[in-house]
Participant: 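The following block contains the structure, expressed as structure tokens.
Below, chain A is the first sequence line, B the second, and so on; all start at residue 1. Keep in mind that this is a model prediction, so the values were computed, not measured.
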Amino acid sequence: MGAPESDSLESPFERLQTLLLEPQFSDLRQRHHTLDQQCRGLEQKLSQLAHQVSDPTALNAWLRPVIVELLKMEVAESRQDFSALAVGLMEIALTSKIQQEPATMAAVLAPIMPNSIALSSKAAPEAMGQAIAPNLSRALTAHIKTDRDALIKALAPAIGPALKAQIRLEQDAVVDALYPVIGNTISRYFAELLKEINDKLEQTLSFETVTRKYRARLQGISEAELLLREATPIQIQAVFLIHKPSGLVIAEAQPKDRSPLESDMIAGMLTAIRSFVQEYVAQPERAAELREIEYGDAQICLEEAGYCYLAVVVQGNPSRAFLRGLNGFLAQLVNDHGRIIQDFEGVLADIPEAIPQGLQQLISSAAQSNGKPPSQSPGLLRTIAGVVLILLIGWGGYWGFGQYQMAQLTAQLNQQLRQDSALALYRLEVEVGRNQLLLKGYVPSEDLAKRAIALISAQTSALPIENQVVVIQTPPPPSRETLNPKDVDAAVRRTARVLNEIEGIFLSARFENGVVQIDSVTRSLQQVKIIDQAFQDIPGVTLVQHTTRIQ
Amino acid sequence: MSIVKKKICLIGDFAVGKTSLIRRYVEKQFRDQYLSTVGVKISKKLVTLQPSGTPSPVEVQMMIWDLEGRTQFEALTSSSYLQGAMGAIVVGAMNRQATLGGLEDHIELFGKFNPKRPVIVALNKADLVPPDQHKSLRERYNNLTYDTVLDCQCTSAKTGENVDALFETLAKACIKNAKG
């Protein structure tokens with residue numbers, strides 16, 4: 001019973017169920033089908049994704065928009081965190097990249113470096129200065145090693161203005177820095193000047209020079225120094241080393257045998273006067289200084305250094321040498337004690353003893369050098385020198401007159417030789433020898449040599465004559481048949497040239513077919529005869545045609 | 001005892017009594033006759049002082065530079081005489097307000113040449129002003145805003161009031177200043 005009941009019950013239930021749930025089941029089935037389809041689609045997409053992940057290009061294309069979007073969101077929402085993260089990453093990335101590829105990174109950064117430095121210099125000049133400063137000297141040193149000329153070219157235009165600016169700012173420091181150099185230069189110049197004076201003195205012969213040489217030798221000094229000493233009869237009354245800015249006396253020295261000068265007041269007023277001159281008299285662009293103040297036969301010489309100056313009260317007229325000496329002295333002083341002088345605050349205990357001692361030595365040495373030697377020179381020496389001088393003058397005059405006479409005589413004898421018809425063709429000359437006359441030259445025959453000696457002997461008998469005439473053995477004259485017309489022509493020309501050297505004779509000669517045609521101007525008939533004879537004697541000349549004019 | 005030399009300058013308008021103060025201090029004299037100083041006049045005074053904090057007395061030779069009086073209307077540049085000074089007394093006349101007005105110009109000028117060197121203000125001719133005004137004037141010029149100004153004193157070259165103290169205070173300050 002149960003089963004049919006149940007079947008009967010189930011059937012209606014099922015029918016009811018079917019009636020009630022069938023639409024939902026149908027819907028569910030439909031959904032199930034859809035889900036299946038979606039699952040299949042997802043599976044396909046997953047497989048695509050798997051493919052894209054394994055392919056970097058595809059993954060990059062797929063992820064890029066997402067990452068960009070994410071980054072945008074992150075930057076907008078937490079800028080600080082992102083910035084910190086980015087900075088860290090960049091630092092790591094940059095460090096790594098620079099280590100791996102320094103050249104590439106340098107090339108990448110190079111274009112922005114100038115601008116970056118320019119901007120930094122403008123924005124934070126002090127920081128930039130501090131950053132560069134430690135390496136500046138190294139950079140300069142390296143640059144000098146690699147390209148010294150470029151650095152010199154770059155700096156040269158600025159050095160002049162820089163020096164000027166430095167002088168404007170710290171004139172005293174510049175002066176002190178240069179003072180020893182300039183002082184030494186001047187000293188060297190002066191030493192050369194002394195040498196030059198000495199050289200000139202050596203070349204000059206006079207009585208004064210002789211006695212000066214003698215005195216200088218006795219004193220063991222150079223002659224120039226002696227001259228300078230004699231030219232500077234001065235007495236130093238006081239030497240003050242004065243602090244330039246304050247006018248206070250740093251050190252002083254005065255001779256003990258005189259009443260002392262009021263150093264502090266003098267120094268103060270001198271400083272005031274110097275300031276006055278600099279301010280109201282000197283042109284501002286020229287660093288001119290007051291050099292001396294004269295009063296009566298005395299003067300105050302002022303020698304200036306950077307932070308101090310030397311005032312020397314001198315009686316007499318100090319020479320340049322003396323002033324140069326002051327210059328050198330002050331240069332040495334500044335060199336040795338420059339810092340103490342610069343920092344002088346009026347405390348005398350700070351001044352080393354060497355400074356006043358130096359000033360005292362200056363006075364002592366000047367006093368010694370002023371000891372002008374006695375003007376009276378030894379009388380005997382003066383007399384001997386006078387006699388020697390007179391003898392020298394007498395001997396010189398006699399010797400000069402003799403020389404003049406001999407010159408006249410030789411000129412006359414040479415003139416005679418040139419005018420002799422036979423000898424005029426040959427180079428014969430009379431010279432003055434040691435107490436005799438020398439007859440020199442070349443002739444072709446012994447007869448001509450004797451003729452020359454006879455001619456000279458006839459003119460003078462005052463001095464013996466030494467015959468130094470050389471007789472040249474000439475070859476026998478060629479026969480007329482063998483004579484070459486060219487040789488004859490050359491002989492004619494030579495003869496004409498020799499005759500033209502005789503005073504008063506001007507001639508021209510032309511040789512043709514054994515005939516010589518002469519056109520001449522002469523002074524006498526005798527000269528005409530000499531000319532004719534000379535040309536007739538030439539071998540190969542058959543006829544001489546002579547047209548002459550006697551003036 | 002070693003000697004310490006100090007250059008001290010007196011500056012101020014004309015006819016405030018700078019020369020009279022120096023004469024009173026150096027020569028112990030006073031003259032009513034007014035003689036204008038041309039350029040500069042230098043005086044010397046040797047005194048023995050014992051600045052506070054020093055173990056033994058110091059002999060100070062003061063070279064006192066009396067500078068020609070100037071007013072603030074004149075050019076203040078021609079003052080190279082101030083160079084190297086170790087202290088200054090800036091003087092005004094109590095009976096001439098204009099001269100007191102120029103005190104600051106003179107202090108500044110001195111400071112330009114000698115920064116950090118001590119300065120004392122002297123209100124001179126105190127004998128010509130009723131004593132009840134002294135205190136107020138002194139207080140007024142004692143409070144000048146300059147670090148280098150040590151003091152302001154009412155002085156009279158005629159009576160000698162505060163004159164020695166004026167110079168000696170400055171001299172002591174100069175010694176201390178040099179040591180510092």
Side-chain angles (χ1 to χ4, degrees), chain A residues 168-173 240-252 260-282 284 287-290 304-309 311 340-353 355-356, chain B residues 1-10 22 26 37-47 49 51 54 56 58-68 75-88 110 113-118 170-180:
Chain A
R168 266 201 302 280
L169 287 172
E170 280 225 66
Q171 183 177 345
D172 291 345
F240 306 126
L241 182 67
I242 302 166
H243 188 235
K244 206 196 300 187
S246 65
L248 297 174
V249 176
I250 298 169
E252 64 176 296
L261 298 172
E262 178 50 88
S263 58
D264 295 299
M265 297 299 286
I266 292 172
M269 283 316 295
L270 279 177
T271 308
I273 293 166
R274 288 184 71 260
S275 299
F276 175 80
V277 169
Q278 274 185 329
E279 201 158 317
Y280 292 98
V281 182
E289 291 289 344
L290 190 66
E304 188 203 12
Y307 290 94
C308 65
Y309 65 97
I340 292 167
I341 291 169
Q342 184 181 339
D343 298 339
F344 182 65
E345 288 262 318
V347 184
L348 294 181
D350 293 347
I351 302 301
E353 195 56 34
I355 295 180
Chain B
M1 197 184 335
S2 70
I3 295 179
V4 176
K5 296 179 180 179
K6 297 290 169 190
K7 173 181 174 180
I8 287 168
C9 289
L10 263 80
I22 295 168
V26 176
T37 306
V38 178
V40 63
K41 182 176 178 293
I42 299 170
S43 307
K44 185 168 87 169
K45 176 81 174 178
L46 191 66
V47 285
L49 301 170
T54 53
S56 55
V58 180
E59 203 165 4
V60 184
Q61 181 182 289
M62 279 189 273
M63 299 304 299
I64 306 166
W65 288 47
D66 179 11
L67 304 191
E68 180 182 332
L76 291 173
T77 51
S78 58
S79 301
S80 59
Y81 297 138
L82 293 172
Q83 279 179 349
M86 288 140 196
F110 181 77
F113 283 89
N114 305 286
K116 298 181 182 173
R117 297 292 187 186
L170 183 65
K172 286 177 184 174
C174 289
I175 294 167
K176 276 190 172 180
N177 184 272
K179 286 186 174 180

Participant: Select, from A/T271, A/D350, A/L348, the one with the greatest count of heavy-atom pairs under 4.5 Å involving chain B.
Facilitator: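 Winner by heavy-atom pair count: A/L348.
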Participant: Between A/L248 and chain B, which part of the residue has a heavy atom less than 4.5 Å away: side chain, backbone, both or neither?
Facilitator: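 The side chain, not the backbone.
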Participant: Let's test your reading of the structure: which of A/G247, A/A272, A/A267 forms the most heavy-atom pairs below 4.5 Å with chain B?
Facilitator: A/A272
Participant: A/S275 and B/S80: which non-hydrogen atoms are nearest, and at how many Å?
Facilitator: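 Where A/S275 meets B/S80 most closely, the heavy atoms are CB-OG, 3.4 Å.
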Participant: Can you sort out the partners of B/K5 under side-chain hydrogen bond (donor to acceptor under 3.5 Å, both in side chains), two or more places apart, ordered by chain and number?
Facilitator: A/D264
Participant: Restricting to non-hydrogen atoms, name the atom on A/G268 and the atom on B/I42 that form the minimum distance, rounded to 0.1 Å.
Facilitator: C-CD1, 3.1 Å
Participant: Kindly write out the residues that satisfy ring-ring contact (aromatic ring centres under 6.0 Å, His included) with A/F344, not counting sequence neighbours, or none if the list is empty.
Facilitator: A/H243
Participant: Can you give me the closest heavy-atom contact between A/S246 and B/W65, atom names plus distance?
Facilitator: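 Heavy-atom minimum between the residues: O-CZ2, 3.7 Å.
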Participant: With chain A, which of B/V40, B/V4, B/V60 has the greatest number of heavy-atom pairs at distances under 4.5 Å?
Facilitator: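 Ranked by contacts with chain A, first place is B/V4.
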Participant: How long is the straight-line distance from NZ of B/K7 back to CD of A/E345, given to the nearest 0.5 Å?
Facilitator: 13.0 Å
Participant: Specify the closest pair of heavy atoms between A/G346 and B/M86, including all atoms of both residues, with the distance to one decimal.
Facilitator: N-CE, 4.3 Å
